[in-house]
Amino acid sequence: MNAEAPIEVHNVSLAYRLSHNRAGTLKEFAVNLVKGQVQYEKLIALKDVSFTVGRGEVFSIIGPNGAGKSTMMKMVARVLPPTSGRVIVRGSVAPMIELGAGFNPELTGYENIVLYGTLLGRDPAVMRERANAIAVWAELTDFLDVPIRSYSSGMLARLGFAVATDVQPEILLVDEVLAVGDESFQRTSKLRMEEMIAQGTSVVFVSHDLATVEQIATRTLWLDKGVTKMIGEPSDVIAAYKASV
Amino acid sequence: MHTVSANYYDSDQARRPLISEFSNLWGYRGLLKLLVTRDLTVRYKRSTLGMWWTLLNPLLSMSVLWIVFGQFFRFEIPGLPYVVYLLSGIVLLTFFGQAVVAAGSSIVNSSSVLSKVYVPPEVFAFSAALAAAANFVISLVPLLVIQIVVGVGIPWTVVLVPIPLLATLALVAGLGLLVASAAVFFFDVLDLTGVFIQLLTYLTPTFYPVSIVPQEFLWLIYANPLYSYLTVFRGFVYEGAFAPWWTFVVMIGTSIAVLLIGVWVFSRSWRNLVVLL
């Protein structure tokens, strides 16, 4: 066990129960209960997954849809508690699982910067001071007083990315978010990520873009139906993955 | 040995005892304040009447109920203008109903945040209850104005109104968390809650005097905890008197018990709820 690793995932599983006939309403549930027809289906999203991410490492997760990649990210992001096993995360985390998940369309750009930053665990007073600098980076200075329901998706992505990366995190979680936005945004955001990696930020990212994975990842985990298929050198894992599809 | 902080997460330490549940909340008070103001500003921005709606809404209900029960049924409260009795009941019961529904729907409504960013989920339920409490405080203004206009005046005990206010806040937060847990599993729970609150409102002497309740049904009134909350509140806001001691016992006892049960049940069931969001 590495005591200094930013992320340790030990034998993690996630299972949950779904009611079989997906009752949905309490009335139906009560009726089914009386009839004795309540059945549960046990779904296993992840099974016995282990890995460690060291400082400055770029760890990628690949696999087909429904493999549990996003679920794994949410566990590291502290959103989903594991059913069994253990997750340890040391350091500040910038989760970019869905940029701007806390945005409110009725509020202005400025108000949303403060709200989203606070949801990410920062002090509202600090966010108020930082709002202008964030808007400059996101190239949204002229739109700061406009409710963000009138923003384009590219503008929202820029704003979300700018808030999430305003302070350099020790751990960055990226879930395909950088696929949105125009080319110039993709370029600047990639540049910013590379800067952070160079300064020692650890990254966990999920991607279907195998070329990028091979280019920037230092290690790769291949998940399939919640089970670890392979873990190791990106080129080896990608070759095996490609051969299987 | 590591201490639990925002920058250290160990899933094995996630099942925290109740006391740290509250200290965790204190750490997020900045977010709590922000969510309450967001709740209020979004609501006021959306409606053309803005904040006036909070003042007009109880007055509108009061006017209709005053015509029906004050004029048609001719309900009378000895030594007190009926409007004051009526409006004081309406503002407290509106607070109760709004807060339970708002806190109950807060988790489902915030699912896009809660399924992507780590935030103590209770913060959303508490902020919804606090926003309803802020509306309650605003709606006290027309009540106090009417008390002056009809000659009842404002007794000194009005400074003690925060006591029933805090008790109601704890009650609605606890109930809201229970409703919120159930609402993740079954989407009709919120509608049923609305119906249940309506029925409970009829069983609380909001618009009728307790004196018209037949002897054999009085237990039904006294068994309803909301009766105690309302009696304490009315004592402070216009009577200038302390309600009977047992109503304080019921009020404080139920508020603390319901809050603790709500927080406990919610935090215990959270791991089963979050996967469904």
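A quick note: this is a predicted structure, and the numbers were derived from the prediction, not measured. Convention: sequence-line order gives letters A, B, ...; per-chain numbering from 1.
Most heavy-atom pairs under 4.5 Å with chain B: of the set A:V114, A:T71, A:L80, A:V12, this distinction falls to A:L80. When each of B:V275, B:V123, B:D191, B:V189 is scored by its heavy-atom pairs under 4.5 Å with chain A, the top score falls to B:V275.
Interface remark: A:P124 contributes side-chain atoms only to the contact with chain B (heavy atom separation under 4.5 Å). Only the side chain of B:V119 comes within contact range of chain A, with at least one heavy atom under 4.5 Å from a heavy atom of that chain. Heavy atoms closer than 4.5 Å to chain B are found nowhere in A:M73, neither backbone nor side chain. With a 4.5 Å cut-off on non-hydrogen atoms, B:L114 touches chain A through its backbone but not through its side chain. Of the two parts of A:L43, neither the backbone nor the side chain holds a non-hydrogen atom closer than 4.5 Å to a non-hydrogen atom of chain B.
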Inset, instruction - Give the C-alpha distance, both sets of side-chain angles, the deciding distance and a yes or no for side-chain contact (heavy atoms from CB on, under 4.5 Å) between B:L35 and A:T118. - result: CA-CA 10 Å; B:L35 289 175; A:T118 310; over 6 Å; no
Legend entry - Derivation and outcome, side-chain contact (heavy atoms from CB on, under 4.5 Å), residues B:L31 and A:L119: CA-CA 7 Å; B:L31 177 62; A:L119 282 172; 3.7 Å; yes
Inset, instruction - Applying side-chain contact (heavy atoms from CB on, under 4.5 Å), run through B:D10 and A:R86 and close with a yes or a no. - result: CA-CA 7 Å; B:D10 180 349; A:R86 188 174 180 189; 2.5 Å; yes
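Annotation: the span from A:L14 atom CG to B:R271 atom CZ amounts to 9.0 Å, rounded to 0.5 Å.
Here the closest heavy-atom approach between residue A:P82 and residue B:Y9 is recorded as CD-OH, 4.2 Å. Scanning all heavy atoms of the two residues, the minimum distance from A:P81 to B:V274 falls at CD-CG1, 3.7 Å. In plain terms, the two heavy atoms of B:L34 and A:R128 that are nearest each other are CD1-NH2, 3.8 Å.
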